[in-house]
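Below is one structure, written out as structure tokens, with a few remarks after it.
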Amino acid sequence: MTEDERRRLPRHQLDQQVELIDQVNGTSLGVLVNIHMEGLLMMGGLSMKPDHLYQVKLQSVSSSHPFDTVELTMDCMWTRAMGQQDRVWAGCQIIDLSFENRQRLAQLIDLFAVEVGELSTR
């Protein structure tokens, strides 16, 4: 799938805050901005580096709407500095996702997602 085709996939924001936890050292890499089954946009710290693989788990920050953790491997494709000096936008491609975690991710999107285009109409 080309980059242009990936950009056409519906992107979803979730109704709750989701944190990306590094499975190697247990630290927070940042928070999810939007997601689809092939990739995600996150807001992270300066430690996010392009062309780097990250093993992460998506974890709910909300105790009122918990969900099963989703574990995946992602490739950070690019980063862009935000207005805040210690934060970046990071575009990541999901490169490894087990069958079970793919089902969890699909369920997470079904339960909590709003297509990004719908946000302006709410």
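Because only heavy atoms are used, hydrogens play no part in the values below, and waters and symmetry mates are left out as well, while side chains stay in.
Gln55 has its side chain out of reach of Glu71: every pair of non-hydrogen atoms, C-beta onward, lies at least 4.5 Å apart. At least one side-chain heavy atom of Leu58 sits less than 4.5 Å from a side-chain heavy atom of Leu20. No side-chain heavy atom of Ile94 sits under 4.5 Å from any side-chain heavy atom of Met37.
A distance of 11.5 Å separates CG in Asp110 from CD in Gln103, rounded to the nearest 0.5 Å. Taking CE of Met74 as the reference point, atom CD of Glu38 lies at 15.0 Å (rounded to 0.5 Å). For the atom pair CG of Leu41 and CG of Asn34, the computed distance is 5.0 Å after rounding to the nearest 0.5 Å. We find the CG-CD distance between Leu32 and Gln59 to be 13.0 Å, quoted to the nearest 0.5 Å. We find the CE-CZ distance between Met48 and Arg87 to be 10.5 Å, quoted to the nearest 0.5 Å.
Contact between Ala81 and Val88 at its shortest, heavy atoms only, is CA-CG1, 4.2 Å. Closest approach of Cys76 to Cys92, counting heavy atoms only: CA-SG, 3.9 Å.
If you chain together hydrophobic residues whose side chains sit under 4.5 Å apart, Met77 and Leu53 never meet in one group. Cluster membership for Leu40 and Ile95, using ILVMFWY side-chain heavy atoms within less than 4.5 angstrom, is not shared. The cluster map of Ile, Leu, Val, Met, Phe, Trp and Tyr, joined by side-chain heavy atoms under 4.5 Å apart, puts Leu72 and Ile109 in the same cluster. Linking Ile, Leu, Val, Met, Phe, Trp and Tyr whenever their side-chain heavy atoms come within less than 4.5 Å puts Val31 and Trp78 in one cluster. Cluster membership check: Leu108 shares its hydrophobic cluster with Leu97, using side-chain heavy-atom separations under 4.5 Å among Ile, Leu, Val, Met, Phe, Trp and Tyr.
Of the possible donor and acceptor atoms, one in the side chain of Gln23 sits under 3.5 Å from a partner among the backbone N and O of Val56. A donor-acceptor pair is defined here as one N or O able to donate and one able to accept, closer than 3.5 Å; no such pair exists between the side chain of Tyr54 and the backbone of Val24. In terms of modelled atom types and a separation under 3.5 Å, the side chain of Asp75 and the main chain of Gln93 share no donor-acceptor contact.
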Show, in sequence, the C-alpha distance, side-chain angles and deciding distance for Leu105 and Ile35, and conclude whether the side-chain contact (heavy atoms from CB on, under 4.5 Å) test is met.
CA-CA 10 Å; Leu105 180 57; Ile35 192 165; 3.5 Å; yes

